[in-house]
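FYI, side chains are in, hydrogens and waters are out, and symmetry mates aren't considered; it's all heavy atoms of this structure. Quantities reported herein were computed from a predicted structural model and do not represent experimental measurements.
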Amino acid sequence: MQPKLPICYFDARTGILCANCESRLRKGEITTADVEASKAIAHLSERNPELGKVTLRKAFEASGSYVLEFEQGDMAPLRSNPAIQQELEGALKGKVWLVGAGGSDRKFLEDVFFPAKVLTVNTVWLADGGKKTKVIVPAKRSERRIGDFDKLRDAVKQARGIELLVETEREAAANLYS
Ligand SMILES: [Zn+2]
């Protein structure tokens, strides 16, 4: 089985783009992040059969961390083997979050925070008219489970244009009574 990727599978395997993919990259139809993620997935699919069946729709990169957007139906098989995420992080040398393509912002954020639970998603309006999206997660060791909040914020902004605020349940309660 070969994964479906933003570039040709053959290009991803060899690491050399064909004229067509090269021109799509130049025109900005695909990005360097798409190319790097495709190479990692093609390589890892040899020993991870789950990755052989996926469709990578798009990859986003921010400060060395990646958000990888797959077809919705790929999410359950990808999560059935937690080693896949770790192997992708090893191959891309950064933090990797797996998300399903399309869907609401809340669904996107639930994918990003998985396996941590998203308790609440709120829009916070700023004095300058801008807005941020505040996500409240359970207090217990959330950072360890979710990863570095700073990297997460950059990656989420890159992938969805969401300005993310993350609070644990405990912080949210403290802010409420302060
Ligand atoms: Zn190609």
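At a threshold of 4.0 Å, the pair K131-E163 does not count as salt-bridged, since none of the basic side-chain nitrogens sits closer than that to a carboxylate oxygen. Remark: E36 does not engage K93 in a salt bridge, criterion side-chain N to carboxylate O under 4.0 Å.
Within the structure, every pair that satisfies the side chain to side chain donor-acceptor pair (under 3.5 Å) test and touches residues 54-63, not counting sequence neighbours, is listed here: D34-K58, R57-E71, S63-D154.
Rounding to the nearest 0.5 angstrom, the gap separating the CD atom in E22 from the CD1 atom in I30 is 8.5 Å. With values rounded to the nearest 0.5 angstrom, N122 atom CG is found 9.5 Å from T133 atom OG1. Interatomic distance, CD of E50 versus CZ of R79, reported as 14.0 Å (0.5 Å rounding). Interatomic distance, NZ of K151 versus CZ of R153, reported as 12.5 Å (0.5 Å rounding).
Counting heavy atoms from C-beta on, the side chains of V118 and R106 come closer than 4.5 Å. Within the 4.5 Å cutoff, side-chain heavy atoms of V156 are placed close to those of F108. D74 places none of its side-chain heavy atoms less than 4.5 Å from the side chain of K53.
Legend: residues meeting side chain to side chain donor-acceptor pair (under 3.5 Å) with K107, ordered by chain and number and at least two apart, are D111. For R26, there are no salt bridge (Lys or Arg N to Asp or Glu O under 4.0 Å) partners at least two apart in sequence or on another chain. Under the salt bridge (Lys or Arg N to Asp or Glu O under 4.0 Å) criterion, D11 pairs with no residue, sequence neighbours left out.
Under the 4.5 Å side-chain contact rule for hydrophobic residues, V112 and L119 do not share a cluster. One hydrophobic cluster holds both W97 and I162 under the rule that ILVMFWY side chains link at heavy-atom gaps under 4.5 Å.
Listed for the R24 side chain is a donor-acceptor partner under 3.5 Å among the backbone atoms of P6. Listed for the N81 side chain is a donor-acceptor partner under 3.5 Å among the backbone atoms of A83.
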E46 and R13: side chain to side chain contact (heavy atoms under 4.5 Å, CB included), yes or no, with the steps?
CA-CA 10 Å; E46 283 196 348; R13 288 292 297 137; 2.5 Å; yes

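S38 approaches A12 most closely through the heavy-atom pair O-CB, 3.6 Å. Scanning all heavy atoms of the two residues, the minimum distance from S45 to A42 falls at OG-O, 2.8 Å. Q72 and G100 get closest at one heavy-atom pair: NE2-C, 3.7 Å. Considering all non-hydrogen atoms of both residues, E167 and E171 come closest at CA-OE1, 3.3 Å.
Annotation for M1: hydrophobic cluster partners, listed by chain and number, are none (ILVMFWY side-chain heavy atoms under 4.5 Å, direct or chained). Residues L5, Y9, I41, L44, L51, V54, L56, Y66, L68, M75, L78, I84, L88, L92, V96, L98 make up the rest of the hydrophobic cluster containing F70, defined by ILVMFWY side-chain heavy atoms closer than 4.5 Å, directly or through other members.
Checking each of I136, D105, L109 against V121 for a side chain to side chain contact (heavy atoms under 4.5 Å, CB included) leaves exactly one that passes, namely L109.
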